[in-house]
Amino acid sequence: GKFAMGDAKRGNTITEAAFNEGRLDGKLKRYDASTKTVILEQSLSNGLAEGPIKQWNKDGKLTLDAHYVQGLLDGKYMAIHENSHITIKGAYQKQRFTGSREKVEYWNGIAGADRYMVTINEKFDADQITNQSEVEAARKRYRDLRDCVERMARDVSLKTGRSPATESEVSFLGQCR
């Protein structure tokens, strides 16, 4: 039968699902309690993921679009993670990924440091990374850049007693590029 779970304080439905003989079967929907927007739609059959799954953030931006067959990822796959800047695009065949994963490395805590990002683009074929040397080179560039910016920021902090904040101090970090 049908099942709904809600937020009693707000009077909102948070989860809707259907069961058949004690197992999830049919559409599963989840809602953001504050905005009442759909944040997850998934198809299930006999308790296993079957068919499309879509997930959105509370602002309505699509963050996951994938496909399952008998509980295994199988078919198109796309994931975008706003905060971590990771984008994954490709396809699964019986849980084995083929495609690319883009990861943007950066760090917080230093004014202007977000200007110093390194993109790492990993490519996969049947769950095996195919460009390992490129990925290692990009990770080394990131580590070198991060170390340089942190070292220079520390120098500014020691001289001024604060983090680099002025335009000239932030541009000083630009020497790390």
Side-chain angles (χ1 to χ4, degrees), residues 1-132 134-136 138-139 142-143 146:
K2 295 220 177 216
F3 168 81
M5 182 173 71
D7 179 352
K9 291 181 184 176
R10 293 188 176 106
N12 297 343
T13 299
I14 297 174
T15 302
E16 291 177 354
F19 285 84
N20 186 11
E21 296 182 12
R23 294 187 179 160
L24 286 167
D25 197 66
K27 288 278 186 200
L28 169 70
K29 280 188 175 183
R30 291 207 173 117
Y31 300 86
D32 180 89
S34 59
T35 64
K36 299 182 184 179
T37 58
V38 175
I39 57 172
L40 175 75
E41 279 186 358
Q42 182 175 10
S43 297
L44 296 120
S45 177
N46 208 18
L48 297 174
E50 183 70 39
I53 178 173
K54 291 186 183 227
Q55 190 170 348
W56 299 266
N57 65 17
K58 66 180 180 178
D59 299 322
K61 183 177 178 189
L62 185 66
T63 58
L64 177 67
D65 187 3
H67 193 271
Y68 281 84
V69 174
Q70 295 180 345
L72 300 175
L73 281 166
D74 196 276
K76 69 178 180 172
Y77 185 89
M78 180 193 70
I80 300 168
H81 304 279
E82 299 173 72
N83 296 336
S84 59
H85 297 276
I86 299 171
T87 302
I88 303 169
K89 278 188 172 182
Y92 278 88
Q93 187 172 20
K94 294 183 181 173
Q95 204 76 12
R96 296 175 64 99
F97 181 69
T98 298
S100 65
R101 179 174 69 189
E102 179 180 276
K103 183 175 183 184
V104 178
E105 297 279 0
Y106 75 102
W107 57 100
N108 292 320
I110 300 172
D114 58 341
R115 298 179 189 176
Y116 308 99
M117 296 187 248
V118 173
T119 300
I120 299 173
N121 193 354
E122 299 172 320
K123 296 179 181 167
F124 293 84
D125 185 15
D127 250 6
Q128 299 297 313
I129 193 161
T130 60
N131 64 335
Q132 187 66 43
E134 292 173 30
V135 169
E136 290 306 317
R139 285 186 178 138
Y142 165 69
R143 287 189 303 270
R146 179 198 62 209

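Quick caveat: nothing in here was measured; it's all calculated off a predicted structure.
When the side chain to side chain donor-acceptor pair (under 3.5 Å) test is applied to Arg23, the partners found at least two apart in sequence or on another chain are Asn46. Every residue meeting the side chain to side chain contact (heavy atoms under 4.5 Å, CB included) condition with Ala66, not counting sequence neighbours, appears here in chain and number order: Ile53, Leu64, Leu73, Tyr77. Shown here are the salt bridge (Lys or Arg N to Asp or Glu O under 4.0 Å) partners of Lys54, two or more places apart in sequence or in another chain: Asp65. Applying the salt bridge (Lys or Arg N to Asp or Glu O under 4.0 Å) test to Lys89 and every residue at least two apart in sequence or in another chain returns nothing.
In this structure a side-chain-to-backbone donor-acceptor pair under 3.5 Å is missing from Asp25 to Phe19. Side-chain atoms of Asn57 come within 3.5 Å of backbone atoms of Asp59 as a donor-acceptor pair (strictly under, hydrogens ignored). Of the possible donor and acceptor atoms, none in the side chain of Ser43 sits under 3.5 Å from a partner among the backbone N and O of Gly51.
The pair Glu41-Lys29 meets the salt-bridge criterion, since a charged nitrogen lies less than 4.0 angstrom from a carboxylate oxygen.
Taken from CG in Leu40 to CD1 in Ile14, the straight-line distance is 13.0 Å, to the nearest 0.5 Å.
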Could you walk me through whether Leu28 and Thr15 satisfy the side chain to side chain contact (heavy atoms under 4.5 Å, CB included) test, starting with their C-alpha distance in whole Å, then the side-chain angles of each, then the deciding distance to 0.1 Å, before giving a yes or no? CA-CA 7 Å; Leu28 169 70; Thr15 302; 3.7 Å; yes
Would Glu16 and Tyr31 count as a side chain to side chain contact (heavy atoms under 4.5 Å, CB included) if you check the C-alpha gap in whole Å, the side-chain angles of each, and the deciding distance to 0.1 Å? CA-CA 9 Å; Glu16 291 177 354; Tyr31 300 86; 3.3 Å; yes
Just do the side chain to side chain contact (heavy atoms under 4.5 Å, CB included) check on Gln93 and Asp74 with the steps written out, would you? CA-CA 5 Å; Gln93 187 172 20; Asp74 196 276; 4.3 Å; yes
When you look at Gln70 and Glu50, which way does the side chain to side chain contact (heavy atoms under 4.5 Å, CB included) test go after all the steps? CA-CA 6 Å; Gln70 295 180 345; Glu50 183 70 39; 3.8 Å; yes
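Contact of the Arg96 side chain with the Phe124 side chain is not registered, since no non-hydrogen atoms from C-beta on lie closer than 4.5 Å. With contacts defined as side-chain heavy-atom distances shorter than 4.5 Å, the pair Lys27/Leu44 does not qualify.
Applying the ring pair (Phe, Tyr, Trp, His ring centres under 6.0 Å) test to pairs two or more places apart or on separate chains, none has a residue in residues 47-73.
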Tell me which donor-acceptor pairs under 3.5 Å the side chains of residues 125-132 have, and how far apart each pair is, sequence neighbours excluded?
unit_1	atom_1	unit_2	atom_2	d
Asp127	OD1	Phe97	N	3.0
Thr130	OG1	Lys123	O	3.2
Asn131	OD1	Lys123	N	2.9
Asn131	ND2	Asn121	O	2.8
Asn131	ND2	Glu134	OE1	3.4
Gln132	NE2	Glu136	OE2	2.7

